[in-house]
Visitor: 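First, the structure itself, so that you have it in front of you.
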Amino acid sequence: MSEILQKIAANLYEGEEDVVAALTQEALEQGFSPEEILADGLIFGMDRVGRDFKAGDLFVPEVLVAARAMQAGMDVLRPLLAESDVHSAGTYLIGTVAGDLHDIGKNLVRMMLEGAGFQVVDLGVDVKAETFVAAVKEHKPHILGMSALLTTTMPAMKTVIEALEQAGVRDKVKVMVGGAPVTAAYAEQIGADAYAPDAATAVEMARKLVE
Ligand code: B1M
């Protein structure tokens, strides 16, 4: 891999936001395509972050800083990628369920997904079932991801799945759930297609779901 793309990946890993933005610009000036910089610089670096986070070698603050560095690189590439219509890994709709205001984990999942090349539509926090359903109809995502951090808001995930069924769109979208109190057993119980305990696994599962 070229030296500049390696530098982008390494600086992203270190969370060097400004350096990543500058190197991304420099790589474009050297003639690398936005797709190459995205895949072999930014996503390559973010994949390493995801692996090391999963292995317990990195912690949440370091992942957030790395994800912000990735965003800085993405900000440089985004207009060019839009022009060249780069192949997206898939569309992922995400939100924190009704009654729940926790969004740090959800944002981490979103940023890791973006790093992996997914086009993410983020509905924010306290998202009602009807809002999820309307967004599924509008954006036609491959995956709908719901986050919940409270035992009292977890049941809202089931409500959303039931609302998708009632609206006749349950079979049009894969449903992934996550958040500290959520378990694989709970995901299965409510009829979700996937559960991820952390952001790195969310990316792995998302890749499998769109295969
Ligand atoms: Co709240 N809170 N909080 N809180 N808060 C918890 C969750 C709690 C465990 C603290 C405690 O009592 N020990 C507790 C819940 C108890 C329970 O239900 N079992 C709690 C409570 C009770 C409350 C309030 C009710 C407190 C009150 O007002 N009395 C209140 C509720 C407000 C509401 O939502 N309606 C409340 C409020 C808040 C703040 C606003 C102050 C703040 C949130 C700020 C924000 O998010 N913008 C907050 C915080 C920060 C926490 C703790 C301290 C940290 C949560 C967090 O961000 N963790 C939390 C205690 C704790 O966890 N130590 C706590 C870091 C984050 C990276 O992890 O979100 O788990 P997490 O995400 C992980 C995975 O779960 C997974 O990937 C992420 C990265 O690996 N993941 C997904 C998450 N979503 C996923 C989705 C996926 C896949 C994976 O697919 C779609």
Side-chain angles (χ1 to χ4, degrees), residues 46 49-50 53-56 58-61 63-64 67-68 71 88-211:
M46 206 60 201
V49 171
F53 177 58
K54 208 174 166 192
L58 287 183
F59 299 97
V60 169
V63 178
L64 287 174
R68 236 173 268 135
Q71 286 294 327
S88 149
T91 305
Y92 195 114
L93 184 70
I94 194 166
T96 301
V97 296
D100 201 320
L101 302 176
H102 295 85
D103 68 355
I104 297 170
K106 186 248 321 150
N107 292 345
L108 201 50
V109 172
R110 185 196 73 209
M111 289 190 275
M112 294 284 292
L113 285 165
E114 285 177 342
F118 281 84
Q119 194 187 333
V120 184
V121 179
D122 187 350
L123 300 177
V125 296
D126 190 15
V127 182
K128 294 184 177 47
E130 54 267 34
T131 309
F132 275 119
V133 172
V136 165
K137 287 181 179 169
E138 183 188 344
H139 299 286
K140 301 184 173 46
H142 297 93
I143 305 168
L144 163 62
M146 290 183 273
S147 180
L149 261 286
L150 300 170
T151 43
T152 50
T153 58
M154 276 166 61
M157 294 174 155
K158 185 164 187 271
T159 309
V160 173
I161 291 174
E162 286 167 357
L164 291 170
E165 280 163 5
Q166 274 163 21
V169 290
R170 175 63 187 93
D171 59 346
K172 303 261 186 292
V173 67
K174 299 287 183 194
V175 175
M176 186 189 295
V177 292
V182 181
T183 61
Y186 185 73
E188 200 184 336
Q189 188 192 320
I190 63 172
D193 300 297
Y195 156 75
D198 54 56
T201 312
V203 171
E204 278 172 24
M205 299 299 298
R207 282 176 172 152
K208 282 199 188 121
L209 287 174
V210 296
E211 253 169 28

Visitor: Quick check: closest heavy atoms across A194 and A187, and the distance to 0.1 Å?
Guide: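 For A194 versus A187, the nearest heavy atoms are O-CB, 4.4 Å.
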Visitor: Can you check whether T159 reaches V97 side chain to side chain, under 4.5 Å on heavy atoms?
Guide: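 Result no, sub-4.5 Å side-chain heavy-atom pair not found.
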Visitor: Do the non-hydrogen side-chain atoms of M46 and E114 ever get within less than 4.5 Å of each other?
Guide: no
Visitor: Within the 4.5 Å heavy-atom criterion, are V125 and D100 side-chain neighbours or not?
Guide: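 Counting from C-beta outward, V125 and D100 never come under 4.5 Å.
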Visitor: Please find the pair of heavy atoms, one from L113 and one from A202, that lie closest to each other, and give the distance.
Guide: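 Looking at all heavy atoms of both residues, the closest pair is CD2-O, 4.3 Å.
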Visitor: Do you know which two heavy atoms are closest between K137 and K140, and how far apart they sit?
Guide: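 That would be O-NZ, 3.1 Å.
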Visitor: Does this structure show an ion pair linking E211 with R207, if we count only N-O contacts that are shorter than 4.0 Å?
Guide: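 Between R207 and E211 there is no salt bridge, as every charged N stays at least 4.0 Å from the carboxylate O atoms.
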Visitor: Taking all atoms of both residues into account, what is the closest heavy-atom pair of M157 and Y186, and its distance?
Guide: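 Where M157 meets Y186 most closely, the heavy atoms are SD-CE2, 4.4 Å.
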Visitor: Enumerate, atom names and distances included, each donor-acceptor pair closer than 3.5 Å involving a side-chain atom of residues 143-151, sequence neighbours excluded.
Guide:
none

Visitor: Quick check: closest heavy atoms across P141 and V173, and the distance to 0.1 Å?
Guide: O-CG2, 3.5 Å
Visitor: Answer yes or no: is there a side-chain heavy-atom contact under 4.5 Å between V63 and M112?
Guide: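 In short, these two side chains touch, coming nearer than 4.5 Å.
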Visitor: Is the side chain of D193 donor-acceptor paired with the backbone N or O of V175 at a distance under 3.5 Å, no angle test?
Guide: yes
Visitor: Looking at T96 and H102, would you say the former's side chain and the latter's main chain have a donor-acceptor pair under 3.5 Å?
Guide: yes
Visitor: Spell out, as yes or no, whether a donor-acceptor pair under 3.5 Å connects the side chain of D198 to the backbone of T201.
Guide: yes
Visitor: Is there side-chain contact between V133 and L164, with at least one heavy-atom pair below 4.5 Å?
Guide: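 In contact.
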Visitor: Quick one: closest heavy-atom pair of F118 and V210, and the distance?
Guide: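 Taking every non-hydrogen atom into account, CE2-CG1, 4.1 Å.
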Visitor: Say you draw a straight line from CG of L209 to NZ of K174; how long is it, rounded to the nearest 0.5 Å?
Guide: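 Interatomic distance, L209 CG to K174 NZ, rounded to 0.5 Å: 6.5 Å.
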Visitor: Judged by atom type as modelled, is there a donor-acceptor pair below 3.5 Å linking the side chain of D126 to the main-chain atoms of G99?
Guide: yes
Visitor: Hey, could you give me the CZ/CG distance between R68 and N107, rounded to the nearest 0.5 Å?
Guide: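 Result: 10.0 Å between the selected atoms.
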Visitor: Kindly check if the number of other-residue, nucleotide or ligand heavy atoms within 6.0 Å of CD (Q119) is above 12?
Guide: no
Visitor: Kindly indicate whether the side chain of L64, heavy atoms from C-beta on, has any atom under 4.5 Å from the side chain of M111.
Guide: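 Heavy-atom side-chain distance check passes, below 4.5 Å.
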Visitor: Should we count CD of E162 as having more than 12 external heavy atoms under 6.0 Å?
Guide: yes
